[in-house]
Every structure is written in structure tokens, then in C-alpha cells.
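Every chain is numbered from 1, with letters handed out A, B, ... down the list of sequences.
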Amino acid sequence: MSADPYGPVPSPPAGPRWARRTATKNLNGAVRRLFRYMGSYRRSILLGIVFALLSSALALIGPQYLEQITDLIAGSIRSETAVDLVRIGGIVLLLLGLYALSILFSYLQHLIVPSTSQRLANKLRQDLSAKLDRLPLNYFTGANTGDLMSRLTNDADTIGESFGPGITMFISSLTMVAGALIMMVYTDPRMALVAAAPGVFGFLLIFGLVRRSQPYFIGQQRDLGALNGLVQEVYYALDIVRAYGGERTSKDRFTVINERLWQSGFRARFISGMMPRLMGFVNNLGYVTVCVFGSMMIIDGSIGYGVIVAFIVYVEQFTHPIGQIADSFSDLQSVGAAAERVFEVLDAPEMDPEPDAVALPAHICGEVEFRDVRFSYVPGQEIIHGFSQHVAAGQKIAIVGPTGAGKSTIANLLMRFYETDSGEILIDGIPTRRMPRNYVHSLFCMVMQDSWLFPGTIRENIVYAKKDVSDETVRAACRAVEIETFVESLPQGLDTPVGDTDELSAGQRQQLALARALVKDAPMIILDEATSSVDTRTEQHIQRAMDRLTAGRTSFVIAHRLSTIVNADLILVVRDGNVVEKGTHQELLKAHGFYRDLFDSQFADCN
Amino acid sequence: MILKYLSKKELAPVIPIAVLTVLQVYLDLRIPGYMEQITNALQMGSASAVVQEYGLRMLLCAFLSLACGIVTGYLAARTAASLARTLRARQFDRVESYSKEDVGKFSAASLITRSTNDVYHIQLVIARQLPNVIRAPVMAVWAIVMIAGKNWEWTAATAAAVLVLLAVVTFAVVRSVPRFRRVQWLTDGINRTTMGKLVGVREIRSYNAEGYEEQKFSRANDALLENSLGTVRIMAPMIPVVSSLNNFLTLAIYWIGAGIIQSTAALDGKMFLFSDMIVFSSYAMKIISSFMMMSGFVRSLPRATVAAKRIEEVISTAPSVTDGAGNTVGIPTGLIFDHVSFCYPGTDRKVLDDVNFRVGPGETVAVIGSTGSGKTSLISLIPRFYDVTDGRITLDGTDLRNYRLDDLRGRLGYVPQEPAIFSGTVRYNVNYGAGAADRTEADIWRALQVAQAADFVRETEHGLDTEISQYGRNLSGGQKQRICIARAVCRAPHLYLLDDSFSALDFRTDRALRAALRQETAGRSVLLVAQRIGTIMDADRIVVLEHGRVVGMGTHQELLRHCAVYRELARTQLGVEAVP
């Protein structure tokens, strides 16, 4: 019943390609940057463009020969001589050759350009994925995920699908129009004027149409978005709608949007349907003007019949690409917008570079020291104000505080997911800032709430990137977290695939995460004891597993259990991210401060 | 077909569309026809009058054709939009009347797609293809008729071109469809991996698994590339071949024409043949383009039929939970579960097994149990989101199934486990549903006060008129839950149903809220489902569920003494020290 964790279902794209306004701040700049980014792929695209131009050029020559054939036939009829079949045959063969060559070039173009485009998308995806590893953790906040996801998938795809073909079609259409115009002028300048006029008229018409139609498409997009939003909201909250009799209010809201969408949808569709009809009209008009004026010129005696035949083809070659220019231009706009979004990610500031290699000890005892640590997530809003504390190896530190109080801040700092503003954290006397990040990571086992399992087998999830782990070790870990019997009851045992689906309960997932931590076997532990919606038996398994995990290791535990708190060597009381009190359980109780309050409200009723 | 959902009035435009489309085809084909006449005249000798007259006629045809096109476009767009509007409304009505079981058959996400994307797709197809469906075959047939009388050689050449077109298109479609499906599947895989990287970033870093994830990603990325390249290779020859068909056909016609004219003796025969030749190529072009139009339509058909079928399924599914007769008894006995058993529809497993308990008027009864014990299913039976499989539930003496749904639900104040927030004002969210018009501003504030939410609402700039964004994104988890509780309180229901509604609150707020609620609900019944023992300790009666069966019933102290399951639960939550 809860909302889809991956976010709302996206609205369908509204309007034909040529009318979708995707705001590019700087189309030129974005396309240029893409070209630079492409590196060696540039050559392939340029080659593809060359082939497209060659293919068009050949197509433009064709009508010249058609003109010749027609004139030969007409001439022979007029002069009542035999048709020179041999000569015509020669021209036909030549044309066949030209057309075949044109097909070849076009085929090569359609092979090279989309392939290169796909390779570009592949490279983009790879680079984006690698970039993610270098970005600081605050880039991955919840609000960002959907948008980030869209950039890595939709935007990269858009570039892959449309960049190559878009650029190629744009350039070749422009060339075709120019080429057709040139050929028309070359063949007969007066006819060229007459033949091109409808095309130019059509082009202006379309230009105006695109401009005027923008508001309709924006309107349709807006209404589709509103409809989507309402439908999603109601369908996901149907329980409440039913339980409170809210059907009518929802229906009323729905009807308002539905009616608006009827209007905007009808208008938008009408306008987008106009373009092909207009193109058809322009085509007809071109045909008519060529035929009429051509005929008058034939009567004059200034041209032969073949000119008309040639021009009929040229008119088509002139007007058809105009529509394609509009289409490909909008494709490029989409690509430009997508490229801008992708480059924003690639340009995002990365984490600090790693320090120079320093001699790292082979074995870490687990002594931790915080020295006057100051930290703020948001500059100017300091939440840790000069925290100092020494933790001996093997000690257990409990972290408590109200819900959502920022208890994981300390964990974030220890793991160097975030850097302190000032002050240092030392492990075995060495400042963590002088250690490479992945070394710091290797010193801790971290098990937080809702631990993530990736799509893979149980074994893969437990071993997770550690090398040379024997099955025996994996089984021992399963035994320690008390999930071995369950795993063995599965038909595929350790090879059972798990992932983001729900074959496993929340408790079982936590057990696997604990097993993973055990296998990693790092000298220190960061642990969140919260168990979400777990049944008693599993809860007990998990609690025992947690005890085993923390035995003998320096542990930082976000505590939820009475026993953990009471037995901790030190308790850090966190409020709004800051450590406000610290001490042992008895000390803090006596102080009658915030801790006492918290403790009473949580556990008081049981004595 | 799906068009049956249109009213007579909305369907009416189809006739003019058909007529005008046929007219437009006629006009389009007339233009080359006039050219033929002109060509004949030109060969005969001076023909300026003919040229002018026919020229004007051709112009007229072109303009009239455009006019027809505009009108048919207008009508088609209108019809499509009306159909879309109807389909959306019908689906919405249906889904609102569905029970949980009905929704479960489709999944909420699928229903959303059917109500939005699928309808949009149908609208698109109808608006685009309705004229084409008529136009393409009419044009093809008419053009064929036009050329039928002429030489068989030309006809054969045209037929050959059409066959090549069909062969190429079929081949491309057949070969590419499985590939496109595979591309979709591979893309889904990449999306999932990417999503994983975003969601699991902490785990990946803390386990230094960046390299491992990169490898996985590269494999998926490269597989997608391979597949896409394969598709490109298949599709590459298609466009060049199809677009050059016109060129080849024209060439063939002129070559054949030359030959035929040569072998014809009569001069005027030659002349007629010449004009025929010029015009024939125009008609042949039209035939090719109408076949292309038809293949375009055929290609869009599968997707459209799938969408239509999906929409049909939604509209034709009747809701499984409906109103009862409505003859209520009205004895204030409260809520009684009488030997109730429940299996989810389509399954055999008993989620609830012979459950008996009672919530008397003014009583607060708590249900506790671990996950999978059947707590949430129990609550969903009361508003009749599902119906019982065995036994019966009565409210104030009447079986729930005899109530009219709006009557039954009007007596309940349901607060779900996951807070449900609507986009709208605070006022809309709290004073929600049937009877909203009868409640005053004071009622709303009182409800907020009880729910411990009045403070944060008062602190906002617009108070009750503060806008809450979709899914309540600008609220914290605790605030959302309090709004949901306020919603229930605002109704002043006979029976409160609280499904683990305090989980997002910290202990302080939880206690304060329960205290306020206790006051507010004095005299009303409360059925409370919870995980935390701390929340339920002072209930009048606690029902302990395990695996769907009632294993203990009584007060907190009684259960500590007599119920092993309850004791274990307490021990786990409060620690062994607290529960000896």
C-alpha cells in the first residue's frame, strides 16, 4: 500500500518530437561539449556524415538523368524518329549504378552513425558509474536519488539513441535542401523560383506553427502530470479513500483534471496532426506549380519536358527534408538538455584526493581518539561542537538519542564518509585523514538499519568483494548469526538468489548483513541495533549474533536495548547530531539530565 | 472493440471523417490526373488555355485536399480525446470501487499505467491512424484501379516494388522485435544495478566493493552495447532500401515506357503512352506510400491492442466487496469477532484462525503479536477491505456484510500503518472524506490538538491552509503520522482502528498522544494494533496473536503471569532484567 519506492510512474512524453520543448540553456555549448567528450568517436560520426552527404548528392544527381531520358523519349515522339533505346539503356544503367552507390553510402551511414552513438552512450554510462564512486556522500541524499537515477539512465539513453542520428539527419537534411535548391537553379533558374516558393512558404508556416503550438504542448504536459499525480496518489492511498468515504471528493478532483486534459490533449493532438497535412499540401502545391509553370514554359518553347520530370523529383527532395529538419532539431534539443544534465554530474566536485602513502601498521588494536572534533553537514550549522573522547581498544560505546537525532553522524565521521570541519580522529594514534579511505573502511564492520543486499546469491552477498573466502567460513558465519538452518532448508542453499525482492524477511536480511560483517572480520564495529518489525524468535537470533559480533572488538553501537546501554563502557547521548551528555549509565542517571528523561520515557514503565 | 465506450454523439464524427478522407483521396489523385490531360494537350500543340484551366483546377484540388485534411484532423483529434476522457473516467470509477483483493490482482502500479499511459497511447493511435486506416486502403485501391487499365508491364513493376517493400518491412520487424524486447530487459538490468549503486552506496564504500560493483556494471553495460549494435546491423539496410524504392520504380517505369513507346506504331498512341508514363509514376508513388502508411499502422497495432485489452480488463472487473442490504440492528454491543478465520483470496493458508474477541463500547483493546501473526489482516477486515472466510464480525449487533459500505465506514476512524497523505492543504487532509462539510474549523483544530500536531501546524505561515506536497514530502515521518491520527479524530468515529500508528513517534510524543487520545476517546471504542509493549500496556484488554491464533487475552499483568508468548515478547523488548 505504500508508495512505490522507486518513485512515481513517469508521465508519457507528450507531443511530437518537433514540438517538445526541453529547455536547453545552451544547445550549442552542450552539443560542442559532447563532441569534445566523444574523443576518437568523432571520426566515426564525421565519416557517417560524409556518407550521408554522398548519398544525398547522388540522389540529387538522379533527376538530371531522368530529365535526359524523358527528353530523349519526348524528342523522338516529336520528331517521329525511333527511340534511342541504346542510349537510354546506357543512362538507365548509369542511374542504376548511382542508386546502388547511394544505397551503399546510406547503408554505411546507417551502420556507422547509430553504432557510434550507442558506443558513446556506453562510455557515458561507464564514466558516470565511475564518477559515483568519487562523489561525497551528501550527493546521494534521498531527494536526489530519483533525479540522479534519471540522469544515469534516461539521459544517457537519450544521447545514445538520438545524438548520432540527430546530428546526421540535421546536417544531411540541411544539405539536401540546399543541394536541391542548387540543382533546381542549375537546371532552370526560373523554374527554381517557382518550385521553391511553396517549400519556403511551407517552412515559414511550420516555423510559425511550432512557435504558436508551444503553449498547447506545455499545457498538455502539465495536465498529464497533474492527472498522473492524482491517480497515483489515490490508487496508492485507496485504503484511506475507502475508509473515509473520500471517493466523491477524489472523483470531483479527477473530473476537473480530466476535462482540462480533454481540452489540452485535443488541441495539442490537432496541432501536431497539422504538420504532416501541411507538408502534404506543400508537396501538392509544389507539384502544381511545377506542372503549371513548366507547361507554360514548354508552350513558350523555353524548356523541354524533361525539366518538369526532374523538377517533380526536386520538389519532393526540397520539401521532404524540411520536416526532417524540424524533427532532428528537436531531437538535438533533447540531446542537448540530456547532455547538460549528464555533464552536471560529471562536473560535480569530488571528495578530497587521497593523501600520500604513509606507513600503515599491519595490525590495528582498535584504540580510537576524538580530538576536539567539529562538524557541520550544512556550512554554518555546526552540530558537533568540539567533541573529545578517548576509547580504549575493545571498549563498547553506546549511542542513544531520540528518533532521527543524527546518531549516525559519529559513524559517518569514523568511516570518513564525511570529513570533520576541524579536529581529528585518530586510530591507534594515526589520524584517519592520513589514511587512504579504503584503508579506513577496512578497519570497520558497519551494520546499519535496512542493510542493503544486492541482486546475487546468498554466498555472494556474504562474501561481498572479499577474496579467497572458503565456503566453510561462510557457513561458520551463518551459524554464528543463526541462519544456517534456514539457508540449508532452501533448495539452492547458499546459491539461492536474493536481492531487492522480498523472499527474505527484514529480520533475515539483517542476519545476512551480520554474517557479512563477521566474514569481513574487521577490528572495529559500528552497529545500529534497531530491528524493524521482526518476530520474537528472529529478534533473539539477531541479538545473540550482535553480541557475538561485538565481543572483543571496539564497538560503536546505536543502542536500542536496555542491556546494551546498561553494560556499555561509555554512553554518548546525541541530540540533533551533537553529543550533549556522556558517561556511564549510572553516572548519567544520577545527573538527572536529558538522558534521565529519555531513559524514563522509554523504559520506566517496566519496573 | 474499445470504441464501444464512446457515446453515439462522440462516435458520430467517424462518418464525416470517412467521407472526407475518401474525398481527400479523390482530390489527391485528381491532381496527377489533370497533369495527364495537360501533357496530352501539350503534345497536341498549343494548350495554354488548357494549362490555365486545369492548373486552376489542380490548385483548387490542393486547397480542398488541405481543407479536408484539416477537418478530418480536427474531428479525429476530438474523437480520440473524447474516447480518452471516457476511458480514464470509467477506469477511475471502477478502481475506486475495488476491494483490496481486486487491486491486488493488478497491482496499484499497473492500474496507474492503465489509467494514464495506456489511455494516452490509444488516444495517439486513434488520432493518427483513424484517417489513415481509411485513407491508405482507399488510396491503394483507387490508384491501382487508375493504373489497371494501363500496361501490365508497369503494373508488374509496381507490384514487384510493393512486394519488396513488404518483404523488407516484415523481415526487419520479425528480426528486430525479439531484439527490442531483449534491449528492454537488458536496460532494466542496468537500471536495477544503477539503482543499487545509489541506494547501497554506504555498503559499497564500507566494504570497499567499488571495484566489484564496477565489474558487474561493465558486464551489463557491455552486454547492452553488444545487443544494440546487433540491432543496428539488422536495421541498417532497411531505411536505404525502402527510401530508394521510389527511385528504382520510377526508373523502371521510364525504361519500360521507352520500350513500349518504341514498339508502338501510332503517333497518338505514343503520345498517350508518354502522358501515361508521366502520370503512372505519380500513381505508383502513391501506391507505395499508401502501403508504407498501412505498414506503419500495422506496426502500431500490437501495442495498441495490448493497451486496449489492459483497459478493458480494468473496466470489466466487478468489485468483489459490495454494499450489504443496509438493515442494521443498532444494539450497542460493540465489535465482536465470532470464530473468525481468514485466508487471503486465492490462498489456503489461514492468516487468522478461529479468532474470538470483543471490543465493548468505550473499551480500548490492543492486539499484539510478532510479524506474520495476522494483526494487519485483522484490522483490514473491519472496514471490509476484505471479507472473512469463516465466522463473522458484528458491529453493534449487525454483521458487517449487512451494512451499506458508506454507513459502516462512516463509523470507523482508521489510521493505517503507513501514513497516507494527500497533496492539498492541512485542512483537506485532516477534514477528509464523507461528512467533511458538516465539520467546523474548531473541530479540525481540536483534532490536531489531540494528535499532538497543533503546534507544528500553528507554527507554519498559513496554518490550516498550508500546502502539503505529494506523499507529504515536506513533513517528517512523525508529523505525517500525527496528521493521519488527526484525520481519524476529526471524524469522531464510534470505533477507532489504529494499526501500529505510533511507530514513527518518539517515546515522549507517543505517551502524550496516547494520554490525549484516551481522553478524547472516552466512551468510544478503540482497537489498537501495536508492536511496542510500552504502547499497549494500559489497554483494557490485550489480545495476543501468534500465527493467526489467539494465544492469550487479558490485561498486561495477567498476561505476564499466564502467557508465555507475551512474556517472551516483553523480555525481548524491555530486556531480561525488566521481566523476570
Side-chain angles (χ1 to χ4, degrees), chain A residues 2 9 12 69 77 83 88 92 99 103 106-107 110-111 114-115 118 122 125 129 133 140 145 152-153 228 231-232 235 237 240 243-247 254 262 265-266 269-270 273 277 281 284-285 288 291-292 295 299 402-403 438 441 446 452 454 464-465 533 535-536 539 562-563 601-602 606, chain B residues 35 38 48 51 55 58 62 66 69 73 77 81 85 92 96 108 111-112 115-117 120 127 191 194 196 198 200-201 203 206-210 212 217 221 225 228 232 236-237 240 244 247 254-255 258 262 270 370-371 383 406 409 414 418 420 432-434 471 506-508 572 574-575 578:
Chain A
S2 57
V9 174
I69 296 179
I77 294 179
V83 180
I88 292 182
V92 168
Y99 288 153
I103 290 183
S106 180
Y107 167 68
H110 280 96
L111 201 60
S115 301
Q118 290 293 340
N122 177 295
R125 276 188 222 110
S129 179
D133 292 333
F140 296 87
T145 315
L152 269 60
T153 53
N228 242 312
V231 167
Q232 282 191 53
Y235 285 15
I240 293 287
Y244 285 77
E247 288 99 335
F254 175 82
W262 177 80
F266 147 59
R269 189 101 302 275
F270 174 53
R277 286 170 171 85
F281 171 66
N284 274 346
L285 207 59
V288 170
C291 289
V292 169
S295 304
I299 295 175
T403 334
N438 55 0
H441 297 162
M446 193 169 98
W452 177 69
F454 60 84
Y464 202 23
S533 316
D535 66 84
T536 327
E539 173 114 24
L562 191 58
S563 51
S601 68
Q602 186 160 346
C606 24
Chain B
M35 190 53 194
I38 292 180
S48 32
V51 168
M58 284 163 87
L66 177 67
R85 177 179 54 182
F92 191 80
E96 277 203 317
L111 285 171
I112 293 173
S115 300
T116 53
N117 286 33
Y120 179 78
N191 290 354
T194 310
L198 296 178
V201 61
E203 271 79 359
S206 61
Y207 283 88
N208 289 332
E210 287 97 335
Y212 181 79
F217 184 81
N221 199 14
L225 179 64
S228 304
V232 168
S244 63
N247 288 339
Y254 279 83
W255 171 237
Q262 171 63 357
K270 284 195 207 244
S370 42
T371 318
D406 51 358
R409 290 164 182 171
Y414 171 62
E418 297 264 351
Y432 177 72
Y471 307 123
D506 62 71
F507 291 103
R508 274 248 192 86
T572 313
L574 307 173

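Comparing B/A434, B/S206, B/P383, B/G73 by how many heavy-atom pairs each has under 4.5 Å with chain A, the most go to B/S206. For the set A/F254, A/F270, A/Y107, the count of heavy-atom pairs under 4.5 angstrom toward chain B peaks at A/F254. Listed options B/V201, B/V51, B/N247, B/V232 were ranked by heavy-atom pairs under 4.5 angstrom with chain A; first place goes to B/N247. Heavy-atom pairs under 4.5 Å with chain A were tallied for B/A236, B/G433, B/A62; the largest tally goes to B/A236. For chain A, the option among B/K270, B/M58, B/E96 with the highest count of heavy-atom pairs below 4.5 Å is B/E96. When each of B/A77, B/S228, B/A209 is checked for heavy-atom pairs under 4.5 Å with chain A, B/A77 comes out on top. With chain B as partner, the option from A/N122, A/L152, A/I103 having the largest number of non-hydrogen pairs under 4.5 angstrom is A/N122. Per-residue heavy-atom pair counts under 4.5 Å with chain B were compared for A/I88, A/N438, A/L285, and the maximum is reached by A/N438.
Using a 4.5 Å cut-off between heavy atoms, B/S244 touches chain A through its side chain atoms alone. If you measure heavy-atom distances from B/I38 to chain A, the contacts under 4.5 Å come from the side chain alone. Both the backbone and the side chain of B/N221 come within contact range of chain A, each with at least one heavy atom under 4.5 Å from a heavy atom of that chain.
With rounding to the nearest 0.5 Å, the separation of CD in A/Q232 from CD1 in B/I112 is 4.5 Å. How far CZ of B/F217 is from OG1 of B/T194: 4.5 Å, rounded to the nearest 0.5 Å.
Using modelled atom types, no side-chain atom of A/S129 and backbone atom of A/R125 make a donor-acceptor pair closer than 3.5 Å. For B/E210 (side chain) and A/D133 (main-chain N/O), no donor-acceptor pair under 3.5 Å exists by modelled atom type. A side-chain donor-acceptor contact under 3.5 Å links A/R277 to the backbone of B/G69.
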Show, in sequence, the C-alpha distance, side-chain angles and deciding distance for A/V231 and B/L111, and conclude whether the side chain to side chain contact (heavy atoms under 4.5 Å, CB included) test is met. CA-CA 9 Å; A/V231 167; B/L111 285 171; over 6 Å; no
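The aromatic rings of B/Y212 and A/Y464 sit perpendicular to each other, their planes meeting at more than 60°, with 30° as the lower class boundary.
For the residue pair A/V292 and B/G55, the shortest heavy atom distance occurs at CG2-CA, 3.4 Å.
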